[in-house]
Amino acid sequence: MRVTPWEVEGIVDYEKLTREFGIQPFKDIPNELKDNKLFRRGIIFGHRDYTKILDAIREGRNWAVMSGFMPSGPPHFGHKMTMEEIIWHQKMKGMAFICIADIEAYVVRGLSFDKSKELGLQYIKNMIALGLKEDAYIYYQSACKDVKDLAIKLSNEVNWSELKAIYGFTPETTLSKMFVTVIQAADILQPQLEKFGGPKPTVIPVGADQDPHIRLTRDIAARISIFSFESIRNGLRIRSRKGKKYLDKIEKKLEFEFKRYEEHIDVFGKAEKIEDYIRKLELEFGGPAFILPSSTYHRFIMGLTGGKMSSSKPESVISLLENPSDAERKIMKAITGGRGSAEEQRKLGGLPERCSIFELYKIHLVDNDKTLNEIKNDCKSGKMLCGYCKKMAAEIVKEFLKEHQNKVLEAEKLLKDYTIISNSF
Ligand code: SF4
């Protein structure tokens, strides 16, 4: 198994990944998340600090959702999953930020900025067709001065050894590939800039391969901010990363009971209120007061030819722009969890957990859990054979594509209602 932001090889062991990366598994799904089938069905299997988002949702405080797309090919069903995660969080009242990662596409895939602009527009229109609301903030990295300026500031906090440890970079790694890591960190932290209302919990829905970016960004966000917080009994311990002078400064302004020590201040009261208050002071002192970003991790959608669905293997993907009859052809040829013969399958049943078609049902095609369970049971008992099952999936996909592609045409006319930071339009 090899999982990096730019390469996924082998069979992904999610338990191992969770352990090695220190991702927190979603154990008991809170009620707020249960109407989302991706959470409910364990497709989103883990997170970092998602409780911050749940708290913000419950308390009606500001928070954001941010994710991006590297436009290496037309948007497909794998991207649709991330798009729907962003849209769902936007419906839950998160401010939505969407990045078209054209700098990354240029550096990592050698894609020209013009091609990225063209492909990126497809991603935007498809998101609008899937339900993205007008208050989303959409931008191309190359056109976003805020992101580029922030990346330069953040780069001051990162050295080569850290990048090597996180990404496994070698002496041959180019400077541009290293710099892209801080561009990504700036993408993630941009929602917390003053321009967007300042520090706020921000969730980044991503595939597990993107976790190195999250880890790096959380480290940088902590390092570049002035104050750090530790829970203590009845309050918070505040330390300054930028020298004791900032502890002296807050000491003069604190409106809570506190005790000053040489290297820290213990402040007593409701932790959340103290933290909000100290962050406001940090902003007054010119610090960014970043809240460490949260993240959710989804499993990779299985491709129709096995392995991960990837634009680099056209037969493995169903593009959202695909001709419905081509989609049908690919589905009818897909790898399934079926047995060698119809007779064997009737006797032993199929293996839905190893089937690319069942994966489509589970992630995209069937919202109702009862219906999904019926498909699973009919497969496992041998009552349903793969030919029929594929045909049924193909019909749903064709219907979806026809309807969706009409909505994409409509989305073209709606683009003017959206904020899109781009060099081209
Ligand atoms: Fe997959 Fe359907 Fe065949 Fe079961 S019957 S293995 S779910 S295609």
Side-chain angles (χ1 to χ4, degrees), residues 1 8-15 26 29 34 36-45 75-82 84-85 207-208 298-320 322-404:
M1 174 175 84
V8 178
E9 272 176 15
I11 295 169
V12 181
D13 178 342
Y14 291 98
E15 269 182 32
F26 271 113
I29 304 293
K34 283 191 177 150
N36 184 322
K37 64 176 183 293
L38 299 177
F39 281 112
R40 212 168 57 228
R41 295 176 182 169
I43 311 294
I44 298 175
F45 65 92
H76 56 63
F77 270 58
H79 299 118
K80 177 176 173 281
M81 175 162 60
T82 309
E84 287 175 338
E85 285 177 65
H298 53 240
R299 295 197 300 109
F300 305 115
I301 181 168
M302 193 192 292
L304 297 175
T305 51
K308 187 189 164 203
M309 190 176 270
S310 162
S311 310
S312 60
K313 292 181 266 168
E315 288 301 301
S316 78
V317 303
I318 300 174
S319 153
L320 295 174
E322 189 106 39
N323 183 318
S325 55
D326 285 343
E328 180 176 32
R329 179 186 53 77
K330 287 184 186 180
I331 288 172
M332 295 313 289
K333 274 173 45 192
I335 285 186
T336 71
R339 306 286 177 172
S341 69
E343 194 186 337
E344 205 183 334
Q345 187 149 344
R346 279 194 196 95
K347 202 164 127 202
L348 299 173
L351 298 165
E353 60 283 357
R354 292 196 203 161
C355 175
S356 67
I357 300 299
F358 189 72
E359 185 95 336
L360 276 180
Y361 282 125
K362 190 171 170 181
I363 299 179
H364 293 288
L365 307 184
V366 176
D367 288 335
N368 184 300
D369 288 351
K370 192 165 162 267
T371 311
L372 187 73
N373 268 333
E374 279 166 12
I375 294 173
K376 190 179 185 178
N377 292 337
D378 286 354
C379 165
K380 287 178 97 152
S381 67
K383 189 173 162 192
M384 182 161 65
L385 298 185
C386 294
Y388 177 82
C389 189
K390 285 174 165 181
K391 191 82 199 137
M392 200 164 72
E395 287 307 317
I396 304 174
V397 168
K398 280 197 300 180
E399 206 45 49
F400 163 78
L401 286 176
K402 277 183 212 154
E403 208 178 298
H404 177 73

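These values consider heavy atoms only, across backbone and side chains, with no hydrogens, waters or symmetry-generated copies. Predicted, not measured: the structure shown is a model, and the values here were computed from it. When a ligand or atom number is given, it counts from 1 through the structure's own listing order.
- Relative to the ring axis of Phe77, Lys80 places its NZ or CZ within 45° and under 6.0 Å from the centre.
- Counting only heavy atoms from C-beta outward, the side chains of Met392 and Met384 approach each other to under 4.5 Å.
- Taking OG1 from Thr371 and CG from Leu365, the interatomic distance works out to 12.0 Å, rounded to the nearest 0.5 Å.
- At least one donor-acceptor pair under 3.5 Å links the side chain of Ser356 to the backbone N or O of Ile335.
- Classification of Arg41 and Asp369 as a salt-bridged pair holds, one side-chain N sitting under 4.0 Å from a carboxylate O.
- Here the side chain of His364 pairs no donor or acceptor atom with the backbone of Tyr361 at under 3.5 angstrom.
- Tally of protein N, O or S atoms closer to atom 3 (Fe) of ligand 1 than 2.8 Å: 1.
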